[in-house]
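Predicted, not measured: the structure shown is a model, and the values here were computed from it. Chain naming here is simple, since letters A, B, ... match the order of the sequence lines and numbering starts at 1 in each.
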Amino acid sequence: MADTTIDFQEWTSHHVRRFRRRLLHWFSAHRRDLPWRKDRNPYAIWISEIMLQQTQVATVIPYFERFLARFPDVHALAQATEEDVLQVWAGLGYYRRARQLHTAAKQLVAQTNGRFPQRVDQLQQLPGIGRYTAAAIASQAFDVPAGILEANTQRVYARLLALEGDPRRGLAQRILWQFAERLHAVGEGKAGELNQGLMELGSLICSPTSPACTRCPVADQCSAQRNGDAAAYGTFSRRPRVTELHHAALLIRRGNRWLMRQNDAHQWWTGLWDFPRIELPAELATAAGRSSPSVKGRHQPLPADVAAKLQELAHASYTLSCRPHHLVGRLTHSVTRFRIRLQCIVAEGHRIRLAHLPGQWKWVEPSAHSLPFTSTARRITQQILT
DNA sequence: AAATCGGGGAT
DNA sequence: ATCCCAGATTT
């Protein structure tokens, strides 16, 4: 590696040992009873780590339980269809994770009969596994002494070192990865416990805005704490501004089924099913909702000019012939830096032939979602179509 | 280095 | 309302 090595001054072997000893002791008393901590099954640890990418523990738990029940081992996952996998994943977000998980499972079965490699560099070859996830799996499943750096440990290390600035920026990342490895360099084993303890500390004690330094087992080894204000370190610089978008979902019924389409590879929610959506120009967005404020359960007729414009847009986007006529609800949701205001509009379909529409379309019963629905499609079926 | 990719918990 | 979350990958 071309990086210059940083000596971390006070972090001598002795200092690291003391830190590890106290952290491991604290962790043994405070570790949460999380479902992926029942044993050291690399498959379960792998699934949990992928689900936990940019996703909070509380959100992951029910998805993890359902996923393991449905796909108990790597062979079951490899044999599933991608749609099966997405169906269990639906609602969790970042759907590329699910597709890559499925691809990796098939690779593992084909290449090693489903056995997991133990080395970080080997794990990192698998799709969806980067440096953090490879180190997390190797350390937790096999006690490989590999440092980790993620949301919790970025903050914890930055505070231990009193590192100024955004811990995600380039130079800081190099320093923090080196520090992560330094904590494993004393050769005392328990790599998995150490890494989980570090994250648990970041989650339970060393929180973003109000770190509980009085309860911290390693406070006296923390430079930020000694400087008097731990919360001043390890924080992020401002995020990009939120951009507001306006979409319309067209709700088109035939009998007790509704027209839905599958998002393709160059769209949001790739592979998931949703009602056909149209992006609305700003002037139309305000016009569509101008009739009156939203009243729950009340259907509002669309102004004629708005209905005509929506009809045009539906045809331009999908060659879909329909006559939009009522606004039946509004939802707001977000995709990364966008906030989408979604108007749900019932339309009358006109001689719709699925085979003539671009991409994958189906008439779907909303109650029986065996298909992977987007979260908004689920909300629409539950709140608006009932 | 910056942009992309979701959805919800916590404050 | 806003910030943030056991990141990886592409541009």
Point to revise | Proximity to DNA chain B (any heavy atom under 4.0 Å), residues of residues 192-213 of chain A only | key: none
**Study point:** Check: Trp269(A) ring centre within less than 6.0 Å of His247(A) ring centre
**Key:** no
Practice item. State, yes or no, whether a side-chain contact exists between Lys362(A) and Trp273(A) at a heavy-atom distance under 4.5 Å. Key: yes
Practice item. Please find the earliest and latest nucleotides of DNA chain C, in the 5' to 3' direction, that have an atom within less than 4.0 Å of any heavy atom of chain A. Key: dC3(C) to dT9(C)
Check your understanding: In residues 142-161 of chain A, which ones come under 4.0 Å of DNA chain C, going by heavy atoms?
Key -> Glu150(A), Ala151(A), Asn152(A), Arg155(A)
Review point. Listed in order of residue number, which residues of residues 87-106 of chain A have a non-hydrogen atom at under 4.0 Å from DNA chain C?
Key: Arg96(A), Gln100(A)
Review point. In Å and rounded to the nearest 0.5 Å, what is the CZ to CD distance from Arg37(A) to Glu200(A)?
Key: 4.0 Å
Exercise for review: Just jot down the ring-ring contact (aromatic ring centres under 6.0 Å, His included) partners of Phe179(A), sequence neighbours excluded, or say none.
Suggested key: Phe8(A), Trp11(A), Tyr157(A)
Check your understanding: Counting any heavy atom closer than 4.0 Å, what does Thr336(A) reach on the DNA or RNA strands: base, sugar-phosphate only, or nothing?
Key -> base
Review point. With sequence neighbours excluded, what pairs up with Phe373(A) under the ring-ring contact (aromatic ring centres under 6.0 Å, His included) test?
Key: His369(A)
Exercise for review: Starting at OH of Tyr132(A), measure out to OG1 of Thr153(A) and round the result to the nearest 0.5 Å.
Suggested key: 7.5 Å
**Study point:** Sugar-phosphate only, base, or nothing, as touched by Arg169(A) at under 4.0 Å among non-hydrogen atoms
**Key:** nothing
Check your understanding: Under 4.5 Å between any side-chain heavy atoms of Ile340(A) and Thr376(A), yes or no?
Key -> no
Check your understanding: What pairs meet the salt bridge (charged side-chain N to carboxylate O under 4.0 Å, His left out) rule with one or both residues in residues 132-153 of chain A, with sequence neighbours excluded?
Key -> Arg40(A)-Asp143(A)
Practice item. Taking side-chain contact (heavy atoms from CB on, under 4.5 Å) as the test, write out the residues that go with His326(A), two or more places apart. Key: His299(A), Pro301(A), Val328(A)
Check your understanding: Residues in salt bridge (charged side-chain N to carboxylate O under 4.0 Å, His left out) with Arg20(A), at least two apart?
Key -> Glu188(A)
Point to revise | Span of DNA chain B in contact with chain A (heavy atoms, under 4.0 Å) | key: dA1(B) to dG9(B)
Exercise for review: Could you tell me which residues satisfy side-chain contact (heavy atoms from CB on, under 4.5 Å) with Pro42(A), sequence neighbours excluded, listed by chain and number?
Suggested key: Phe116(A), Ala141(A), Phe142(A)
Check your understanding: Would Gln107(A) and Gln125(A) count as having a side-chain donor-acceptor pair, cut-off 3.5 Å?
Key -> no
**Study point:** 5' precedence on DNA chain C between Ala136(A) and Gly128(A) (nearest-nucleotide basis)
**Key:** Ala136(A)
Practice item. Kindly indicate whether the side chain of His184(A), heavy atoms from C-beta on, has any atom under 4.5 Å from the side chain of Asn195(A). Key: yes
Check your understanding: Among residues 34-42 of chain A, which residues get a heavy atom nearer than 4.0 Å to DNA chain C?
Key -> Leu34(A), Trp36(A), Arg37(A)
